[in-house]
J.: 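Shown below is the structure under consideration.
Labels below follow one simple rule: chain letters A, B, ... track the order of the sequence lines, proteins then strands, and each chain is numbered from 1.
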There are 2 protein chains.
Amino acid sequence: MFKLSKKTEYALMALQHIASLDKGQVATAKEIAENKLIPHSLLAKILQQLTRHQLILSLQGAHGGYALGRKAEEITLAQMIEAIEGPIHIIECNESRYSCQRDDFCTLKNSLNPLQKQLTSYLHSVTLADVAAS
Amino acid sequence: MFKLSKKTEYALMALQHIASLDKGQVATAKEIAENKLIPHSLLAKILQQLTRHQLILSLQGAHGGYALGRKAEEITLAQMIEAIEGPIHIIECNESRYSCQRDDFCTLKNSLNPLQKQLTSYLHSVTLADVAAS
DNA sequence: ACAAAATAAGACTAAATTAGTCCGATATAA
DNA sequence: TTATATCGGACTAATTTAGTCTTATTTTGT
């Protein structure tokens, strides 16, 4: 499927939420889950991934929660998606460690290269600030 | 995953192959399968789908096979992908019959609309002629 | 008429991915 | 020291994708 996963959708919703916080505020996984109707323990996992990728930062313990890791203008859509789904390759043979029996004659990779480039350059050009504005 | 399925890859390979035929020639599923290293019975299914969507036309019986249904310049990448994967929607809530509990407050759809539009307009602008040229 | 070579169609199985849950550990504020 | 969080990993269930198999139909050539 040429589609973002539910996890990614949830991640984007959560990031929108976190981006809307006032400076100094944090949001808990529970708050976000209730606010956006996302299963709490699934969202918890997603927020952990975003934290590992440093899109957000976490404060542990009571009164803990999440805040943006950097300015919304500096978080690209590409980074958000790739934090959850891994590197974006529209076809499998674009992946780094992929070796294919068709290597010597298959031209699909070349044929779809423009699409791959178009897409990734677009995803790098849109930021959380743009996404959150809507 | 933000990726084309194997079926779609196979479809594109097959279309490239068929597009390269001389006028009046047809290619059998078996030929294409051997040429592109695609499982024969899977490819057979894929070619049937492409036929139903009229991207190619089939000649049944002995000496039968497949040929392009119209000029390569008139077959868009969008049509090829959608013949196999169905309508392209980067998020689920863009789908026609999707109803969502978050409808009244979720802005994700709006936020990602530019991406959806960018992508589909690109896919409609590229044709099999472009794809086959590589 | 009949055999051979194709496509057509649908049921079916297996593998992989996605979605979601649960639990025990750790961190921190009050 | 208790309550409230995040962290991390194992686990299960559901869905999608990939691929197979079988039977029927179409068409050509003999």
J.: If I take atom CD1 in residue I38(A) and atom P in nucleotide dT21(C), what distance separates them, rounded to the nearest angstrom?
T.: 12 Å
J.: Hey, can you pull the donor-acceptor pairs under 3.5 Å for the side chains in residues 39-62 of chain B, sequence neighbours left out?
T.:
from, atom 1, to, atom 2, distance (Å)
Q49(B), NE2, A83(B), O, 3.3
T51(B), OG1, L47(B), O, 2.7
H53(B), ND1, Q49(B), O, 3.0

J.: Separation of E85(A) atom CD from dA19(C) atom P, in whole Å?
T.: 8 Å
J.: Contact list please: residues 15-30 of chain A against DNA chain D, heavy atoms, distance less than 4.0 Å, in numerical order.
T.: T28(A), A29(A)
J.: If you check every side-chain atom of P39(B), which of dG19(D), dA18(D), dA8(C) has the closest atom?
T.: dG19(D)
J.: L42(B) has an atom CG; how far is it from atom C1' of dA9(C), in whole Å?
T.: 15 Å
J.: Ignoring hydrogens and geometry, is there a side-chain-to-backbone donor-acceptor pair from E95(A) to H89(A) under 3.5 Å?
T.: no
J.: Taking CD1 from I84(A) and P from dG20(C), how many angstroms apart are they, rounded to a whole number?
T.: 13 Å
J.: Which nucleotide in the list dA9(C), dG8(D), dA19(C) gets nearest to the side chain of K6(A)?
T.: dA19(C)
J.: Can you find a side chain N or O atom of R52(B) that sits less than 4.0 Å from OP1 or OP2 on dA8(C)?
T.: no
J.: Do V126(A) and F2(B) land in one hydrophobic cluster if side-chain heavy atoms of ILVMFWY residues count as linked below 4.5 Å?
T.: yes
J.: What is the distance, to the nearest angstrom, from the CG atom on L57(A) to the P atom on dT6(D)?
T.: 13 Å
J.: Measure CG/L50(A) against P/dG8(D) and give the value in whole Å, please.
T.: 13 Å
J.: With K109(B), which residues qualify under salt bridge (Lys or Arg N to Asp or Glu O under 4.0 Å), at least two apart?
T.: none
J.: I'd like to know if the side chain of T28(A) and the backbone of E31(A) have a donor-acceptor N/O pair within less than 3.5 Å.
T.: yes
J.: Does a side-chain N or O of T51(B) approach OP1 or OP2 of dT7(C) to a distance below 4.0 Å, or not?
T.: no
J.: Linking I/L/V/M/F/W/Y whenever their side-chain heavy atoms sit closer than 4.5 Å, directly or via other members, would L4(A) and I88(A) fall into one cluster?
T.: yes
J.: Report yes if at least one side-chain N or O of Y10(B) is closer than 4.0 Å to OP1 or OP2 of dA18(D); otherwise report no.
T.: no
J.: Grouping I, L, V, M, F, W and Y whenever their side-chain heavy atoms are under 4.5 Å apart, do L21(B) and L12(B) come out in a common cluster?
T.: yes
J.: Just the rounded figure in Å: distance from C1' of dG29(D) to CG of L59(B).
T.: 17 Å
J.: Please list, for nucleotides 22-27 of chain C, all pairs of protein and nucleotide N/O atoms separated by less than 3.5 Å.
T.:
from, atom 1, to, atom 2, distance (Å)
dA27(C), O4', Q60(A), OE1, 2.9

J.: Search all heavy atoms of L128(B) against all heavy atoms of Q16(B) and return the closest pair with its distance.
T.: CD1-N, 4.2 Å
J.: Taking for each residue the nucleotide of DNA chain C with the nearest heavy atom, is it H63(A) or H40(B) whose nucleotide lies nearer the 5' end?
T.: H40(B)
J.: Report which part of the nucleic acid L47(A) touches: base, sugar-phosphate, or nothing (heavy-atom distance under 4.0 Å, all strands).
T.: nothing
J.: According to salt bridge (charged side-chain N to carboxylate O under 4.0 Å, His left out), does anything in residues 6-20 of chain B pair up with another residue at least two apart or in another chain? List the pairs.
T.: E92(A)-K6(B)
J.: With a 3.5 Å distance limit and no angle check, can you tell me whether R70(B) reaches the backbone of I75(B) through a side-chain donor-acceptor pair?
T.: no
J.: Look at the side-chain heavy atoms of Ile, Leu, Val, Met, Phe, Trp and Tyr, link any pair under 4.5 Å apart, and say whether Y66(A) and V26(A) land in one connected group.
T.: no
J.: So, T76(B) side chain and H124(B) main chain: donor-acceptor pair closer than 3.5 Å or not?
T.: no
J.: In whole angstroms, how far is the P atom of dT20(D) from the CD1 atom of I46(B)?
T.: 11 Å
J.: Under 3.5 Å, which protein N or O atoms sit close to an N or O of nucleotides 13-16 of chain D? Give each pair with its distance.
T.:
none

